[in-house]
Colleague: 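My questions all concern the structure below.
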Amino acid sequence: MNRDGENRPMQQRFQHLFAVISGERFLKKQSLGNEVPFFICPFKPSEAVDMARIERQLVNRLEQAGIGVLEINLYDLSVELLINRDIWEQILDMESTVSKDELKELLQGVLDPETHLVPAIASKMANAEFDVLFLTGVGEVFPYIRSHNVLNNLQSTAKEKPTLMFFPGAYTYSTETGASLDLFGKLRDDKYYRAFNIFHCEA
């Protein structure tokens, strides 16, 4: 698939994703040039419903092919962490009485990727048998959790198996600015250059 692959019809994207993920090169982390096995699946925010359907189909098709998928939705995981720490109800009560900036600061503290979120991901990985990790829910946790922070902190934790992040925006690269994750196609989620656009990968 060419470098315009993320703009192809959904069925063609599904076929490409399945072909790449089920391939030996992907599963055995070949041809990565010693980089971490992180991949981005960018899509237009307007395609979120269709991409969620594609992602579910991928999980089912891969499982049928004997390839285990561990799916972690960052929003669901965040809620789980807040409930486990007995502050979920407190957050809900505070939401209408504090400013957005105050709420953002609070959530960024209690959901910090290094100290809370990534250890929780690591725990789920340790308790599951899987061949590839899917990260979803990226748009739902913005701006409390930034995707590049998750990936940066996952580098030492999720290097044994390929990780695919479903990203509602663009993963762009230029020689002037380097690589960046542009959430919703508008918000630059800072630089992150160690992931591969899965639509640029050969099956």
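Counting begins at 1 with the first residue of the sequence.
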Colleague: Hey, does M125 have a side-chain heavy atom less than 4.5 Å from the side chain of E160?
Modeller: no
Colleague: Taking atom CZ of F142 and atom NZ of K104, what is their separation to the nearest 0.5 Å?
Modeller: 7.0 Å
Colleague: Scan for side-chain hydrogen bond (donor to acceptor under 3.5 Å, both in side chains) pairs involving residues 90-99, sequence neighbours excluded, and state none if there are none.
Modeller: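 As it turns out, the side-chain hydrogen bond (donor to acceptor under 3.5 Å, both in side chains) pairs with a partner in residues 90-99, which skip direct neighbours, are S99-E102.
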Colleague: Would you say L77 and I121 make side-chain contact, with heavy atoms under 4.5 Å?
Modeller: yes
Colleague: Given the rule in the side chain to side chain contact (heavy atoms under 4.5 Å, CB included) test, do L74 and V138 qualify, once you have shown the distances and angles that lead to the verdict?
Modeller: CA-CA 6 Å; L74 296 179; V138 170; 4.1 Å; yes
Colleague: Less than 4.5 Å apart, side chain to side chain, heavy atoms only: is that true for L82 and L107?
Modeller: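 Result yes, sub-4.5 Å side-chain heavy-atom pair found.
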Colleague: Applying salt bridge (charged side-chain N to carboxylate O under 4.0 Å, His left out), can you list everything that pairs with E129, at least two apart in sequence or on another chain?
Modeller: none
Colleague: Please identify each residue that fulfils salt bridge (charged side-chain N to carboxylate O under 4.0 Å, His left out) with K161, with sequence neighbours left out.
Modeller: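 Residues passing salt bridge (charged side-chain N to carboxylate O under 4.0 Å, His left out) with K161: none at all.
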Colleague: Can you check whether G68's main-chain N or O pairs, donor with acceptor, with D131's side chain at less than 3.5 Å?
Modeller: yes
Colleague: Treat each ILVMFWY residue as a node, draw an edge where side-chain heavy atoms are under 4.5 Å apart, and state whether V49 and F14 are in one component.
Modeller: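 Result: no, two separate clusters.
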Colleague: Using modelled atom types and a 3.5 Å cut-off, is there a donor and acceptor pairing between side-chain atoms of S123 and backbone atoms of P119?
Modeller: no
Colleague: Start with the C-alpha gap between I145 and Y75, add the side-chain angles, then the distance that decides, and say whether side chain to side chain contact (heavy atoms under 4.5 Å, CB included) holds.
Modeller: CA-CA 9 Å; I145 298 171; Y75 176 81; over 6 Å; no
Colleague: Report yes if some heavy atom in the side chain of F43 is under 4.5 Å from a heavy atom in the side chain of P168; otherwise report no.
Modeller: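 Answer yes - side chains close enough.
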Colleague: To the nearest 0.5 Å, how far apart are CZ in R8 and CD in Q15?
Modeller: 11.0 Å
Colleague: For residues I21 and I198, report the shortest heavy-atom separation together with the two atoms involved.
Modeller: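 Shortest heavy-atom contact: CG1-CD1, 3.9 Å.
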Colleague: Would you please name every residue forming a ring pair (Phe, Tyr, Trp, His ring centres under 6.0 Å) with F26, sequence neighbours left out?
Modeller: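 Scan of F26 (ring pair (Phe, Tyr, Trp, His ring centres under 6.0 Å), adjacent residues dropped) gives F39.
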Colleague: Of all residues at least two apart in sequence or in a different chain, which pass the side-chain hydrogen bond (donor to acceptor under 3.5 Å, both in side chains) check with E114?
Modeller: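 side-chain hydrogen bond (donor to acceptor under 3.5 Å, both in side chains) list for E114, sorted by chain: empty.
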Colleague: Got a sec, which pairs hit ring pair (Phe, Tyr, Trp, His ring centres under 6.0 Å) with one end in residues 81-133, sequence neighbours left out?
Modeller: none
Colleague: Keeping to residues at least two apart or across chains, list the salt bridge (charged side-chain N to carboxylate O under 4.0 Å, His left out) pairs with something in residues 60-89.
Modeller: E80-K124
Colleague: So L154 and L135, side chain to side chain contact (heavy atoms under 4.5 Å, CB included) or not? Walk me through it.
Modeller: CA-CA 11 Å; L154 265 180; L135 291 178; 3.7 Å; yes
Colleague: Measure across C201 and V20 and return the closest heavy-atom pair with its distance rounded to 0.1 Å.
Modeller: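 Residues C201 and V20, closest heavy atoms: O-CG2, 3.7 Å.
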Colleague: If you compare all heavy atoms of L164 against all heavy atoms of I40, which two are closest, and at what distance to 0.1 Å?
Modeller: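 Heavy-atom minimum between the residues: CD1-C, 3.9 Å.
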Colleague: Taking atom CE of M165 and atom SG of C41, what is their separation to the nearest 0.5 Å?
Modeller: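 Atom-to-atom, M165:CE and C41:SG are 11.5 Å apart.
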Colleague: Not counting sequence neighbours, which residues clear salt bridge (charged side-chain N to carboxylate O under 4.0 Å, His left out) with E105? List them please.
Modeller: none
Colleague: Are any non-hydrogen side-chain atoms of K29 and P162 less than 4.5 angstrom apart?
Modeller: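 Yes - at least one pair of side-chain heavy atoms lies under 4.5 Å apart.
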Colleague: Please report the interatomic distance CG(L117) to CG(N153), rounded to the nearest 0.5 Å.
Modeller: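 These two atoms lie 9.0 Å from each other.
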Colleague: Pairs in or reaching into residues 44-57: which pass salt bridge (charged side-chain N to carboxylate O under 4.0 Å, His left out), with residues at least two apart or in two chains?
Modeller: R13-E47, D50-R53
Colleague: Got a sec, which residues hit side-chain hydrogen bond (donor to acceptor under 3.5 Å, both in side chains) with D112, two or more places apart in sequence or on another chain?
Modeller: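 Result, side-chain hydrogen bond (donor to acceptor under 3.5 Å, both in side chains) vs D112: T115.
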Colleague: Between H16 and Q11, is there a donor-acceptor pair closer than 3.5 Å when you use the side chain of the first and the backbone of the second?
Modeller: no
Colleague: Give, for atom CG of N152 and atom CZ of R146, the distance between the pair rounded to the nearest 0.5 Å.
Modeller: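 Output value for this atom pair is 12.0 Å.
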Colleague: If every non-hydrogen atom of A170 is compared with every non-hydrogen atom of P42, which pair is closest and at what distance?
Modeller: CA-CB, 4.4 Å
Colleague: Could I get the full list of ring pair (Phe, Tyr, Trp, His ring centres under 6.0 Å) partners for F134, not counting sequence neighbours?
Modeller: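 Here the qualifying residues are F166.
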Colleague: Please lay out, stage by stage, how S78 and Y144 fare under the test side chain to side chain contact (heavy atoms under 4.5 Å, CB included).
Modeller: CA-CA 10 Å; S78 298; Y144 316 115; over 6 Å; no
Colleague: For a quick test of reading the model, state the closest non-hydrogen atom pair linking A122 to T157 and the distance between them.
Modeller: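 Closest approach of A122 to T157, heavy atoms only: CB-CG2, 3.4 Å.
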Colleague: side-chain contact (heavy atoms from CB on, under 4.5 Å) with S22: which residues, sequence neighbours excluded?
Modeller: F18, L62, I67
Colleague: Within a strict 4.5 Å, meaning less than it, do heavy atoms of the Q155 and F38 side chains meet?
Modeller: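 Sidechains of F38 and Q155: in contact.
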Colleague: Shortest non-hydrogen contact from P37 to A158?
Modeller: CG-O, 4.2 Å
